[in-house]
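What follows is a set of notes on a single structure, which appears directly below.
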There are 2 protein chains.
Amino acid sequence: MVSSGPGIQKQPLHVAISQKLKEQIDLGQYSVGEQLPSEFNLGELFGVSRTTVRRAIANLIKQGIVVTQQGKGIFVSGRQKIRFSLSNPLMHFDQALQQQGYASRVKSLSFQQINASTEIILKLQLSDRTSQVYRQEKIIYADDTPIALEIDCFPAAIASPLAEALQQGFTYSTLSDNNIALKSAKVSLESFPATYELSNHLAAPLGLPILVFSYIVYGDNQQPVVCGKTLSRSDWTQYVSQIETSEAMTKKGLPIASV
Amino acid sequence: MVSSGPGIQKQPLHVAISQKLKEQIDLGQYSVGEQLPSEFNLGELFGVSRTTVRRAIANLIKQGIVVTQQGKGIFVSGRQKIRFSLSNPLMHFDQALQQQGYASRVKSLSFQQINASTEIILKLQLSDRTSQVYRQEKIIYADDTPIALEIDCFPAAIASPLAEALQQGFTYSTLSDNNIALKSAKVSLESFPATYELSNHLAAPLGLPILVFSYIVYGDNQQPVVCGKTLSRSDWTQYVSQIETSEAMTKKGLPIASV
DNA sequence: TAGTGGTCTAGACCACATC
DNA sequence: ATGTGGTCTAGACCACTAG
């Protein structure tokens, strides 16, 4: 049997079991890659039902501590987060992955010309007459593991001549390599739980926190060249930045724009 | 009874029910603040067990679409995210909240002098002899709703004379107001599912995606004045930034430091 | 075929809110 | 006292993996 222990604040059984298992893993009683007892056996070990064991395991999965494989078992997952920079230079995912020792590649899910929504028209500053844009969805891999889904929209003038390259490579690098300047960007970072569809794309559990990096990137003359977002597994990714404050601004504050 | 529908990819029942409920809410069949049928009644409506209804509701809760209150019911939750800027000026939470129409305040959970861990010594660049630091935990409220937990560590020389003010006000504003310059910062953003303890502090469901804003802030002469992190509810908060790329840097890339 | 995780059910008991 | 959500149980059936 398992209890929440003396002096500890009252907490659900499945939380106590999560912590117990986490401790055992941290102490090395189960090492990286090793298989844990089956859900049924864990239930016997802790004296709880399989349902409760499953809730405990779900907690650990969402923390990235273990992974499950249907038909095989539960395994300890050792992993470090991949860091992406928000400072200069603008987010080159492939560079960041390479620097940190991962093989990187993309798989294009779709690439097609569509009618721009009003939101896209606004973001890309399109005139109404040229409201055709290219929309792309692709998966970003690090060492054969899908870590992010990227969704981009390009003005037709940008994407049309680069259709081939954009489907095979990373967005920013492809644009840079084809002499399209990336001067500035408005970006935002937020998080939401993985939907069912996204959890399939990223081989992630439903509800896993997903980091959303949204951006509008501007080229010469403040002209938007791409807008979109990168949805990445929060257990694999982290964004870092260096901030310099200018004296004048710190006093009065600035309006905060949306992206 | 409920089915996943024709032509739709096979998906669990509770996901289908989540979507069904979300559609009904989006269509206005349940408006903001309105109470949904009870779990038991929803089970009858959809022809599924209460357990399955609960999983469906859990999905909606983590998306911030509904909130539950024990003993009362399930309610539709309309809400917009609060935006915080990563650009200049350095993240003044209180300014951002005020600008966006929220009443802001903090509640100090703890404020005490402790021995710095090696990690803190490194981050605050302390000499071994002066390894005493002040550690503070406080909750940040927007309109009486707890939206973030902030954990800070200060060098003793900084925090000692400001003990009172730091416990009552926002960190950055308190430092600024007391003539401590904030020149630059190394920051990172990541996300993880709410632990049980954190879910209590923030009145959030277990596993809700939490945004983690970590920082080391430097004053004059690159001297660290505070390090810590702000753990905020992802359904309430969003970070935005403006990036300017310098031509020289975009070509070669820069090493990516951790924080 | 046997063992594993994935989904779902029916029902119990509890804590909390309301009348 | 009643109705609500929160937790837990015992057991069923399925899909996947492996020998």
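Only this structure's heavy atoms are used, side chains among them; waters, hydrogens and symmetry mates stay out. Residue numbers start from 1 in every chain, and the chains themselves are labelled A, B, ... in the order their sequence lines are given, proteins ahead of strands.
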What is the distance, rounded to the nearest whole Å, between atom CD of A/Glu39 and atom C1' of D/dC16? 13 Å

Rounded distance in Å - CG (B/Leu36) to C1' (D/dG5): 13 Å

Need to verify one output field. Residue with the more 5' nearest nucleotide on DNA chain D, A/Val53 or A/Gln69? A/Val53

Nearest-neighbour nucleotide for the A/Pro12 side chain, C/dT7, C/dG6, D/dT7 considered: D/dT7

Can you tell me the base-pairing partner of D/dG19? Count Watson-Crick or G-U wobble geometry only, both distances below 3.5 Å, and say none if there is no partner. none

Per atom distances to the B/Gln70 side chain, the nearest of C/dT4, C/dC16, D/dC8 is C/dC16

Are any of B/Arg54's side-chain N or O atoms less than 4.0 Å away from OP1 or OP2 of D/dG6? yes

Taking the ring of A/Tyr215 and the ring of A/Tyr172, is the distance between their centroids below 6.0 Å? yes

Separation of atom CD1 in A/Ile17 from atom P in D/dT7, rounded to whole Å: 14 Å

Compute whether any side-chain donor of one residue and acceptor of the other, for B/Ser173 and B/Gln95, lie under 3.5 angstrom apart. no

Using a cut-off of 4.0 Å on non-hydrogen atoms, how would the nucleic acid contact of B/Thr51 be classed: base, sugar-phosphate, or nothing? base

Value in whole Å for how far the P atom of D/dA10 lies from CZ of B/Arg50: 18 Å

Could you state the CG-C1' distance from B/Leu42 to C/dT9, rounded to the nearest angstrom? 17 Å

Is it the case that the side chain of A/Gln29 and the backbone of A/Ile25 share a donor-acceptor pair, with hydrogens and angles ignored and the cut-off at 3.5 Å? no

Distance below 4.0 Å between B/Thr68 side-chain N/O and D/dG6 OP1 or OP2: yes

Side-chain N or O of B/Lys72 closer than 4.0 Å to phosphate OP1/OP2 of D/dG5: no

Any donor-acceptor pair under 3.5 Å from B/Glu137 side chain to B/Phe111 backbone: no

Minimum-distance nucleotide to A/Thr52 side chain [options: D/dT9, C/dC8, D/dT7]: D/dT9

When rounded to the nearest 0.5 angstrom, what is the spacing between OH in A/Tyr196 and CD in B/Gln19? 10.0 Å

Expressed as a whole number of angstroms, how long is the span from B/Asn41:CG to D/dG5:P? 9 Å

Please classify the nucleic acid contact of B/Ile74 as base, sugar-phosphate, or nothing, using heavy-atom distances under 4.0 Å. sugar-phosphate

Tell me: CG of B/Asn200 to C1' of D/dG6, nearest whole Å? 13 Å

Length of the CZ-P vector between B/Phe75 and D/dG3, whole Å: 16 Å

Does C/dC8 have OP1 or OP2 sitting under 4.0 Å from an N or O in the side chain of B/His14? yes

